[in-house]
Protein chains: 4
Amino acid sequence: MLNRVILIGRLTKDPELRYTPAGVAVTQFTLAVDRPFTTQGGEREADFLPVVTWRQLAETCANYLRKGRLTAVEGRIQIRNYENNDGKRVYVTEIIADNVRFLESGNNRNQSSPPPSEPSNKDPFSGDGKPIDISDDDLPF
Amino acid sequence: MLNRVILIGRLTKDPELRYTPAGVAVTQFTLAVDRPFTTQGGEREADFLPVVTWRQLAETCANYLRKGRLTAVEGRIQIRNYENNDGKRVYVTEIIADNVRFLESGNNRNQSSPPPSEPSNKDPFSGDGKPIDISDDDLPF
Amino acid sequence: MLNRVILIGRLTKDPELRYTPAGVAVTQFTLAVDRPFTTQGGEREADFLPVVTWRQLAETCANYLRKGRLTAVEGRIQIRNYENNDGKRVYVTEIIADNVRFLESGNNRNQSSPPPSEPSNKDPFSGDGKPIDISDDDLPF
Amino acid sequence: MLNRVILIGRLTKDPELRYTPAGVAVTQFTLAVDRPFTTQGGEREADFLPVVTWRQLAETCANYLRKGRLTAVEGRIQIRNYENNDGKRVYVTEIIADNVRFLESGNNRNQSSPPPSEPSNKDPFSGDGKPIDISDDDLPF
DNA sequence: TTTT
DNA sequence: TTTT
């Protein structure tokens, strides 16, 4: 009934922009977030949290985020599952972001998710996109 | 650098209380959290999010939470990994809770995590506990 | 650049629905939220936090929320100011909610803020409403 | 029962460190947080949100925060009241922070609130401090 | 009263 | 000024 996540961390790599078969933009990146404590050996560890953004926000993230940049993300946790090559069901936990803040960048653009006023698969559009590996079934709204 | 999660959902089962080899209490349960939208077929789906609590908060959760109860959880996302029987590294994403609110219950007790003022493994204590299956290396602080 | 509030508490009174001069619905209520600690005299205190909702969410809150109901609110903190009768500037801190969860209710309806796809003052509508005391300048988007 | 605020913004001034009569450190500063939308005239507005930190976290904030610095704050909203010179009761809404992240700084130190393991007024200590203007009654825990 |  |  309520599912809210707020993260601040750094991108482990440049973001990756893909398109669904219907032409919807999806950007994925991983945020390294330091843990609030050190290990018994005095080491500071981090969690590497996968983030997914859709549509306009995906395009903006692909344009402005880069490896190493300090970034704030707001969204919700979601568990996606699919069948792998061995026919086994695999569960993936991801943060579906609806708000991303670029805390470091050349021009400091920031962007929130402009919510879809229309069903987005009304005007399917495919062909200009990158190779496809994400299903439209994964669309978060 | 910042990692905050807030969930409201219902327990899918009664919570499970375990003890680490050093005698530290750990309670695990899963929260079913409805997604904020319906699927293309009009179905409402949910995410089933694993929650972990430690020490005093673990004891309180084990005492007061039950299957089906509406519950609020505050914490952080953490990725734990271990080697499975096939020698493969498995990654598990969990919410480490430091605050749990019992939104439905007989007596409506609630509890926050009383933070560890002392290293908790100073006074190892084991023997009264349930069978052990969680390592002390997983201690969140 | 980021402003997020999540509250769980109880309404101190029934919510109040008003309309702006342009006919936009606004609902206000106060949430009593217990503090996480007791006072030196062992008393438990609460904060009484004013919440504002707009448009469709305002109508839903007016319909479903009632005094004493346990309620979760997501939104942002905003400071509004106006000139009072003495010509002095007064500052009011409020939570502008975009998501409200009815944790107790007859039928357990819940509602998120359906974001404005169009400028909402396109079709001003006034006359059926209650006496007006909120300016359209206070519109949060 | 739950009261959580997360902000990212910039300090409008250098932070101010004070001490209570019992010698407890308190640091106050204001965070300018841009609103997520522009006004009808295309202007971007901000909210100026007062933040309070206590004890060790207060000292760290006073040492490392400066005017203009981008800063993340986690805490809860609290309403404090006092009688002013005219004998009128005045209400002040503040964010009591328990976690502050320095997103810009020389050496990028960050600090969470080390929770009070002992009642802090056990060892009152006053005299080295700045002039006093905050009551020990305002202590958040 | 305010930050970039 | 306040809720359970």
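Just so it is clear: chains get the letters A, B, ... in the order the sequence lines come, proteins before strands, and each one is counted from 1.
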Legend entry - Sequence neighbours excluded - salt bridge (charged side-chain N to carboxylate O under 4.0 Å, His left out) pairs with any residue from residues 35-50 of chain C: C/Arg35-C/Glu45, C/Arg35-C/Asp47
Legend entry - With sequence neighbours excluded, residues passing side-chain contact (heavy atoms from CB on, under 4.5 Å) with D/Ala25: D/Leu17, D/Tyr19, D/Ala58, D/Glu59
Legend entry - Listed partners of C/Glu16 passing salt bridge (Lys or Arg N to Asp or Glu O under 4.0 Å), at least two apart: C/Arg18
Legend entry - With D/Glu94 via salt bridge (Lys or Arg N to Asp or Glu O under 4.0 Å) - residues at least two apart: D/Arg80
Legend entry - Non-neighbouring partners of A/Asn63 that pass side-chain contact (heavy atoms from CB on, under 4.5 Å), sequence neighbours left out: none
Pairs: protein N or O with nucleotides 2-4 of chain F N or O, under 3.5 Å:
residue	atom	partner	partner atom	Å
F/dT4	O4'	C/Arg10	NE	3.4

